[in-house]
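A short worksheet on the structure shown next.
Quick note on labels: first sequence line is chain A, next is B, and so on, each numbered from 1.
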Amino acid sequence: MRIATWNVNSIRSRIDRVTGWLERNDVDVLAIQETKCREDQFPGLELSAMGYDYAHFGLNQWNGVALISRVGLDDIATSFADDQPMFGDPEIVEARSIGATCGGVRVWSFYVPNGRTLEDPHYVYKLAWLERLRLASIEWLAENPRGEIALTGDWNVAPQDEDVWDMSVFEGHTHVSKPERDAFQAILDAGYADVVRPHTPGEFTYWDYQQLAFPKKRGLRIDFILASEALASRVDRAWIDREERKGKGASDHAPVVIEIT
DNA sequence: ATGGTCGAAAGTCGA
């Protein structure tokens, strides 16, 4: 079984890319982020026609997450906790998480808040969001220590210096600050492993659209698949589909894939 | 190709 995560940066402008990629890559479960649309705008017919079920949570033109599966889609949740941190005026639970059980695996698609700048309220929100997710992640394993759980998505954190094309450019920026890195590490410490990094040393998952970042290899590793121990032990292969970042109409993120036995 | 983003309430925000 193949499970993937991909920040598609608008599902409506990328649907042909997504269906084509699914066809070529034999992926069973795809977690997507930044659908940037409401439920009634989600292009579900194209996915249904391919034999995939989907669950989408989108409120407006911002954020939006979905799960696309051809191995079942049960027990759908559109927040990771009853008190998932809120943002906005008025404050709302944004469309940043959706979970479902697919082929026996509890799969989550997360779009972690960006943070914007270290002084922005969005940064405080980001850290609170990650801390609440840590607690939820602990609870899921406490309920079922042998559970197969995949925490996937755009984490908006570059956990290691090697995950950034030039650390000097990121001095004082979000994504690399110690509190963000500590928050990400704390979720690993809760009992989850980055099952892609060992298979993809030195690779990035995101390249800005600006300044020819992709051809200049100026990227970041901010998209991750974290697996509980029971799931991690089943991972045979993992890769980042850098080819999908190429060409006209590409998302600024590449898909990240794991293959399990 | 020899410069330089893209997508979304459509004006400007967010990334």
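Taking the P atoms as reference points, B:dT5 lies 24 Å from B:dA10, given to the whole Å. Between the P atoms of B:dA9 and B:dG4, the separation comes to 28 Å (whole Å). The same atom, C1', is picked in B:dG3 and in B:dA8; the two are 26 Å apart, to the nearest Å. Across the C1' atoms, B:dG11 and B:dG7 are found 13 Å apart, a figure rounded to whole Å. Straight-line distance between the P atoms of B:dT2 and B:dC6: roughly 15 Å, to the nearest whole Å.
Reading DNA chain B from its 5' end, the first and the last nucleotide to sit under 4.0 Å from a heavy atom of chain A are B:dG4 to B:dA15.
A donor and an acceptor atom, one from each side chain of A:Glu148 and A:Ser228, are nowhere located under 3.5 Å apart.
Within the cation-pi definition used here (under 6.0 Å to the ring centroid, within 45° of the axis), A:Arg237 qualifies as a partner of A:Trp239. Stacking of A:Arg221 on the aromatic ring of A:Phe204 is not recorded, the 6.0 Å distance cut-off and the 45° axial limit not both being met.
The aromatic rings of A:Phe87 and A:His122 stand perpendicular to each other, their planes meeting at an angle above 60°, with 30° marking the opposite boundary.
Along DNA chain B, the nucleotide nearest A:Asn60 and the nucleotide nearest A:Tyr111 are compared for position; the residue whose nucleotide lies closer to the 5' end is A:Asn60. Residues A:Gly249 and A:Asn156 both approach DNA chain B. Their nearest nucleotides, taken by heavy-atom distance, put A:Gly249 toward the 5′ side.
A:Arg14 comes within 4.0 angstrom of sugar-phosphate atoms only, judged by non-hydrogen atoms across all strands, and of no base. Backbone-only engagement by A:Gln41 is indicated by non-hydrogen atom pairs under 4.0 Å involving sugar-phosphate atoms exclusively.
The OG atom of A:Ser177 sits 8.5 Å away from the CG atom of A:Asp182 when rounded to the nearest 0.5 Å.
Of the candidates A:Gln33, A:Lys36, A:Glu34, A:Lys36 is the only one forming a side chain to side chain donor-acceptor pair (under 3.5 Å) with A:Asn9. Just one residue in the list A:Asn156, A:Thr205, A:Thr5 forms a side chain to side chain donor-acceptor pair (under 3.5 Å) with A:Asp223, and that residue is A:Thr205.
Residues of residues 209-218 of chain A having a heavy atom closer than 4.0 Å to DNA chain B, listed by number: A:Tyr209, A:Gln210, A:Leu212, A:Lys216.
Annotation: salt bridge (Lys or Arg N to Asp or Glu O under 4.0 Å) contacts of A:Glu46 (sequence neighbours excluded): none.
The ring of A:Trp129 has its center closer than 6.0 angstrom to the ring center of A:Phe80.
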